Amino acid sequence: MTLTTNTCSSQERRLTARIKKAWSGFSRASYPRRCDIDRVKFGNDWDLCFIVDLSDSMMESRFSYVGAGLRELGSPISDRQRISECSEECLLKLAAKEVGKVKDLKQPVATSGRAVHEEAEILFRAILLPLSENGVDIDGVLGAIGYREVAH
């Protein structure tokens, strides 16, 4: 299975670049608030997005939104599930392990690599983008994940 969305020939091919571009247009302040996020501007990409509400302990942070395309992957995700409650093979957990960097650096963080998902070797790419209700403190992360199986 490959997680991708349809794009026209003039549109950026990388999911992570499209998500970052949309995120950067949401706020005139340093960081967008959750209410600034306009899901319509993401189009079909919104199904591959997630939002994490940060806690002092990153692994205790909770998913407040998980797109339909990510909910269908591997083990089911429950509402308000903690990162620590995801299975080790879960793509969401793989990407969300880096949310602490977003809080520390106060800037977007991209991650990519190889992993095993549903017994297949994959290449994945994820983007994690800071959210802030007060414009200063990072209290949430908007993320997106795309992947494809490695051809053998």
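Excluded from the calculations below are hydrogen atoms, water molecules and symmetry mates; all remaining heavy atoms, backbone and side chain alike, are included. Values in this document were obtained by computation on a predicted structure and should not be read as measured data. One-based numbering along the sequence shown.
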Mark yes or no for whether Arg125, through its side chain, and Ile145, through its backbone, hold a donor-acceptor pair below 3.5 Å. no

Distance col, row Leu48:CG vs Tyr147:OH, nearest 0.5 angstrom, shows 10.0 Å

Do you know which two heavy atoms are closest between Leu128 and Val141, and how far apart they sit? CB-CG1, 3.8 Å

Taking atom CZ of Arg80 and atom OG of Ser64, what is their separation to the nearest 0.5 Å? 6.0 Å

Partners of Arg34 by salt bridge (charged side-chain N to carboxylate O under 4.0 Å, His left out), sequence neighbours excluded? Asp53, Glu133, Asp139

Determine, stepwise, if the pair Met59 / Lys93 fulfils side chain to side chain contact (heavy atoms under 4.5 Å, CB included). CA-CA 9 Å; Met59 294 310 281; Lys93 186 169 188 173; 3.4 Å; yes

Contacts of Tyr65 that satisfy ring-ring contact (aromatic ring centres under 6.0 Å, His included) - sequence neighbours left out: Trp46

Taking the hydrophobic residues Ile, Leu, Val, Met, Phe, Trp and Tyr, and joining any pair whose side-chain heavy atoms are under 4.5 Å apart, which ones share a cluster with Val40? none

Closest contact, heavy atoms only, Lys103 versus Lys106: O-CG, 3.6 Å

Apply the test side chain to side chain contact (heavy atoms under 4.5 Å, CB included) to residues Thr111 and Phe124: give CA-CA distance (whole Å), side-chain angles for both, the deciding distance (0.1 Å), then the verdict. CA-CA 8 Å; Thr111 184; Phe124 75 92; 4.2 Å; yes

Roughly how far, to the nearest 0.5 Å, is the CD1 atom of Ile19 from the CG atom of Leu142? 6.5 Å

What one should report as the nearest heavy-atom pair of Phe42 and Asp38 is CD1-O, 3.7 Å

Check whether any side-chain heavy atom of Leu91 sits under 4.5 Å from a side-chain heavy atom of Ile122, and report yes or no. yes

With a 3.5 Å distance limit and no angle check, can you tell me whether Trp23 reaches the backbone of Leu131 through a side-chain donor-acceptor pair? no

Once rounded to the nearest 0.5 Å, what's the spacing between atom CZ of Phe26 and atom CD1 of Ile37? 5.0 Å

Taking atom CD1 of Ile127 and atom CD of Glu98, what is their separation to the nearest 0.5 Å? 11.5 Å

With Ser112 via side-chain hydrogen bond (donor to acceptor under 3.5 Å, both in side chains) - residues at least two apart: none

Looking at every non-hydrogen atom in both residues, tell me the closest pair between Gly135 and Ser30 and how far apart they are. O-CB, 3.7 Å

Are Leu123 and Leu70 joined in one hydrophobic group, where the rule is that I, L, V, M, F, W and Y side chains link up if heavy atoms are under 4.5 Å apart? no

Does Ser132 have any side-chain hydrogen bond (donor to acceptor under 3.5 Å, both in side chains) partners at least two apart in sequence or in another chain, and if so, which? Asn134

Between Asp104 and Lys101, is the closest basic N to carboxylate O distance under 4.0 Å? no

Counterpart residues, side-chain hydrogen bond (donor to acceptor under 3.5 Å, both in side chains), relative to Lys41 (two or more places apart): none

More than 12 heavy atoms from other groups under 6.0 Å of NZ on Lys20: no

Verdict with supporting geometry, Ser84 and Glu60, side chain to side chain contact (heavy atoms under 4.5 Å, CB included): CA-CA 6 Å; Ser84 63; Glu60 294 305 304; 3.2 Å; yes

To the nearest 0.5 Å, atom OG1 of Thr16 lies from atom CG of Leu129 at 9.5 Å

Compare every heavy atom of Val136 with every heavy atom of Tyr31, then report the nearest pair and how far apart it is. CE1-O, 3.9 Å

How close do Leu92 and Phe63 get, heavy atom to heavy atom, and via which atoms? CB-CZ, 3.8 Å

